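Notes to accompany the following structure.
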Amino acid sequence: AYTEMAISGGMTGLMGLGAASRGGALIDQFRRPSAPPTELPAMTPERTLEDVFNDYAARNQLAPVQPRPVSADEAKSRAAAEYYERTPSAPESPEVQNAYKALAAETEAQYQHLVDAGYTFEPAASGVVPYTTAQDMAADLRTNKHLLVSTDAPPEHGLLTPEQNFKFRAVHDSTHVMGGGSFGHQGEETTYALHKQLYSPEAQKALATETRGQNATVHFGETMANPPETRYEQRADIGLKFPEQKALMWSRLLFCQNS
């Protein structure tokens, strides 16, 4: 699943964003001025994954997250794939850099919130698919509070460091579990729609590229030539081809989610 779409290397200017937040309100230039902090319950080991993400949302003045199945609209997905394939990557663009800077800072806060709640994440062995099915991944995270995170697929555009990329994959896969989606196209659309609720509008631009754009291109891109029957495959070990990882300018074709 390309919840794990990656980026490595990177811009020195994005290093050190991890100090953005440790469980408190995330207040930076990517968000509106926050309301006065509210008294929230302390996190306890018994809290569910949904509790933890909703606690994060509350502490950062976001609406409660609402997992819901998303119908995969093939016309929208084809349009997103076409845009992704024909548009050059633009990592030098200040607009794109700002979107990725926001994504990195807010992902760091989400990751730390999960760690503070007792969740652990570790890199999977190179070349190994960590989980064959979404059910396997969900069982490990929900039962053991543990997740193996793929670090394969070397990044190409360099707007996140390897550590930031690992944390993005870890958090995104955690929202995949919360949403209950499969590893197929529809499951990835559902995960995008859910994870989007935890980001500012600025960070959502980069999220759409990293998830929706790549997901649509894997399944509908003309250059991929992945078999159509894999679009709704439930397994992760089916040998799909993946597109070049791009940092794209914002487009409604990527941002408009299926519904």
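Everything numeric here is computed off the predicted structure, so don't read it as measured data.
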request  = Take E82 and R78 through the salt bridge (charged side-chain N to carboxylate O under 4.0 Å, His left out) test and state the conclusion after the steps.
outcome  = CA-CA 6 Å; E82 181 181 1; R78 289 183 188 280; over 6 Å; no
ask   = On the ring face of F121, is K167 found with NZ or CZ under 6.0 Å from the centre and within 45° of the axis?
value = no
request  = Verify the ring-centre separation between F220 and H185: is it less than 6.0 angstrom?
outcome  = yes
query = Can you name the nearest heavy-atom pair linking A193 to V70, along with the distance?
reply = CB-CG2, 3.8 Å
task = Any chance you could lay out the side-chain contact (heavy atoms from CB on, under 4.5 Å) test for V177 and M137, step after step, and finish with the verdict?
result = CA-CA 7 Å; V177 169; M137 183 168 72; 4.0 Å; yes
ask   = Can you find a side-chain donor-acceptor pair between E50 and N54 that sits under 3.5 Å?
value = no
ask   = Are T87 and M249 side-chain neighbours, meaning at least one heavy-atom pair lies under 4.5 Å?
value = no
request  = Decide, yes or no, whether a salt bridge links R169 with D173 under the criterion of side-chain N to carboxylate O below 4.0 Å.
outcome  = no
task = Verify the ring-centre separation between H157 and Y100: is it less than 6.0 angstrom?
result = yes
request  = Would you please classify the geometry between the Y199 ring and the H195 ring as parallel, tilted or perpendicular, with 30° and 60° separating the classes?
outcome  = tilted
ask   = Is E210 paired with K205 through a side-chain N to carboxylate O contact shorter than 4.0 Å?
value = no
side-chain contact (heavy atoms from CB on, under 4.5 Å) assessment of L103 paired with L207 = CA-CA 7 Å; L103 181 77; L207 177 72; 4.2 Å; yes
